[in-house]
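This report refers to the structure that appears directly beneath it.
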Amino acid sequence: MNKKKALGILEYALAKEIEGMQFYESKSKTVKIKQVKETFEELSNMEKNHADYITSLINEIDEHDYVHFRQETDIGQSFRKKAEQEIPYSGDFSALRSDIPVLRMAYLIEEDFMNFYNQAAERVEDEELKKILKHLAEWEKNHRDMIYKLYQKTAKDYWEHVEVEPLFYS
């Protein structure tokens, strides 16, 4: 294992996961739709779990010069259920309008994380580290896909409310 390369990738990943956690924590306080707020609170917790997992990997490499793949689970079952539920609005469609761009940002963050992990996996030789990075990419893909469903539903509802063909929501 190229220790320097592995630590460089994981330390960068840790910084990005902490950044994601802070984004979701911050935005959960400003979004207006209850379902979006709850989703962001859950994502903040999941990103913290990712950061803890990556920290444990960094420590393992520091102490032993190797890393073993552990099949950690991404605790997002209720998150997946939320993405499938209808969104109650109480008639406040301005909430839709203000939360749509934040959902789009969240989608792009998860897309960026997923791409980073996939690209990093392609650039490492160590099979255990490669498995770990692919696993992290899969977590982020699941987050991205669930956010996208919520984003599409919210945008669709907004455009139907204003009775205009959507200008952009894909």
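Annotation: side-chain hydrogen bond (donor to acceptor under 3.5 Å, both in side chains) contacts of T30 (sequence neighbours excluded): none. Considering only residues two or more places apart in sequence or on other chains, E111 meets the side chain to side chain contact (heavy atoms under 4.5 Å, CB included) condition with Y107, M114, N115, R144.
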Dump the intermediate steps for side-chain contact (heavy atoms from CB on, under 4.5 Å) on E110 and E47, then the final yes or no.
CA-CA 10 Å; E110 298 299 335; E47 299 300 349; 2.9 Å; yes
Applying side-chain contact (heavy atoms from CB on, under 4.5 Å), run through F116 and E140 and close with a yes or a no.
CA-CA 10 Å; F116 166 73; E140 303 304 345; over 6 Å; no
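The line from OH of Y24 to CG of N45 is 12.5 Å long, rounded to the nearest 0.5 Å. Interatomic distance, NZ of K134 versus NZ of K130, reported as 7.5 Å (0.5 Å rounding). Note that NZ of K153 and CG of L103 are 11.0 Å apart. Values are rounded to the nearest 0.5 Å. Residue I54 holds its CD1 atom at 4.5 Å from CD of E17, rounded to the nearest 0.5 Å. A distance of 11.5 Å separates CG of N49 from CG of L43, quoted to the nearest 0.5 Å. Between the CZ atom in F113 and the CG atom in L108 there is a gap of 11.5 Å [rounded to 0.5 Å].
In this structure, a donor-acceptor pair under 3.5 Å is absent between the side chains of E138 and H135.
In this structure, W139 has its ring center no closer than 6.0 Å to that of H143.
Among all heavy-atom pairs drawn from N118 and A137, the shortest one is OD1-CB, 3.3 Å. Closest heavy-atom contact between S98 and K32: OG-CD, 3.5 Å. Nearest heavy-atom pair across L129 and D126 is N-OD2, 2.8 Å. The minimum heavy-atom distance between A155 and I100, with the atom names listed, is CA-CD1, 3.6 Å.
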Tabulate below the donor-acceptor pairs under 3.5 Å that side-chain atoms of residues 6-16 make, not counting sequence neighbours, or state none.
from, atom 1, to, atom 2, distance (Å)
K16, NZ, E19, OE2, 3.1

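You'll find the side chain of K3 reaches within 4.5 Å of the side chain of D62, heavy atoms only. By the 4.5 Å heavy-atom criterion applied to side chains, V36 and V102 are not counted as neighbours. Using a 4.5 Å cut-off on side-chain heavy atoms (C-beta onward), I132 and Y53 make contact.
For the pair D145 and K141, the salt-bridge criterion is met [side-chain N within less than 4.0 Å of a carboxylate O]. Of the charged side-chain nitrogens involved, none lies within less than 4.0 Å of a carboxylate oxygen, so that E127 and K131 do not count as a salt-bridged pair. A salt bridge links E125 with K5: the closest approach of a Lys/Arg side-chain nitrogen to an acidic carboxylate oxygen falls below 4.0 angstrom.
With T55 contributing its side chain and A51 its backbone, the two residues share a donor-acceptor pair below 3.5 Å. Looking at T154, its side chain does come within 3.5 Å of a backbone N or O of L150 through a donor-acceptor pair. Put simply, the side chain of D99 never gets that close to the backbone of V31: no donor and acceptor are under 3.5 Å apart.
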